[in-house]
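Notes to accompany the following structure.
Heavy atoms only: backbone and side chains are in, while hydrogens, waters and symmetry mates are out.
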Amino acid sequence: MICPRCADKRIETMATSPVKGVWTLYQCQLCLYTWRDTEPARRTQREHYPEAFRMTQKDIDTAPEVPTIPPLLSNNR
């Protein structure tokens with residue numbers, strides 16, 4: 001199995017359905033893409049994953065930091 005987004009082979013099982021065999025949740029350890037095996041091929045298989053959303057190692061290395069979520073505003077404005 002390879003990651004649909006970055007083609008890395010380091011995939012971990014994150015969770016399985018409470019009902020055995022219904023679905024499995026996977027996560028790529030390189031780009032952190034996460035998917036269930038029940039999703040359509042365009043989300044689960046590299047050859048069907050949209051090219052516009054694919055990532056390379058360079059894309060990952062040069063990605064901007066994701067900003068932190070600011071604290072919630074209080075209701076006492």
Side-chain angles (χ1 to χ4, degrees):
M1 177 184 305
I2 65 169
C3 175
R5 182 163 69 173
C6 74
D8 196 82
K9 294 179 181 177
R10 292 171 289 170
I11 308 301
E12 289 194 12
T13 299
M14 302 235 1
T16 55
S17 64
V19 177
K20 186 175 178 160
V22 175
W23 53 261
T24 303
L25 183 69
Y26 299 104
Q27 184 182 52
C28 174
Q29 299 304 292
L30 179 62
C31 73
L32 304 179
Y33 180 69
T34 305
W35 70 98
R36 277 189 312 217
D37 58 357
T38 56
E39 294 182 59
R42 70 182 182 278
R43 300 287 176 251
T44 62
Q45 297 174 23
R46 176 72 173 178
E47 61 272 15
H48 298 288
Y49 194 81
E51 288 197 32
F53 297 111
R54 292 183 185 185
M55 297 184 82
T56 64
Q57 182 67 54
K58 181 181 177 187
D59 295 327
I60 294 166
D61 292 343
T62 59
E65 273 189 52
V66 176
T68 58
I69 299 171
L72 293 174
L73 298 173
S74 69
N75 290 334
N76 304 326
R77 292 185 199 182

Does Val22 share a hydrophobic cluster with Met14, counting links as ILVMFWY side-chain heavy atoms below 4.5 Å and allowing steps through other members? yes

In this structure, is the centre-to-centre distance between the rings of Tyr33 and Tyr49 below 6.0 Å? yes

Got a second to check how far Thr44's OG1 is from Met1's CE, nearest 0.5 Å? 9.0 Å

Value rounded to 0.5 Å, distance of CZ in Arg36 from OG1 in Thr16: 12.5 Å

Under the salt bridge (charged side-chain N to carboxylate O under 4.0 Å, His left out) definition, can you give me all pairs with a residue in residues 5-19, not counting sequence neighbours? Asp8-Arg10

Taking the side chain as every heavy atom from C-beta outward, state whether [X] and [Y] have any atom pair closer than 4.5 Å.
{"X": "Arg54", "Y": "Arg46", "value": "yes"}
{"X": "Thr34", "Y": "Leu25", "value": "yes"}
{"X": "Cys3", "Y": "Leu30", "value": "no"}
{"X": "Thr13", "Y": "Tyr26", "value": "yes"}

Taking all non-hydrogen atoms of both residues into account, name the closest pair between [X] and [Y] and its distance.
{"X": "Ile60", "Y": "Cys6", "result": "CD1-CB, 4.3 Å"}
{"X": "Thr62", "Y": "Lys58", "result": "OG1-O, 2.8 Å"}
{"X": "Pro18", "Y": "Trp23", "result": "CD-CZ2, 4.0 Å"}

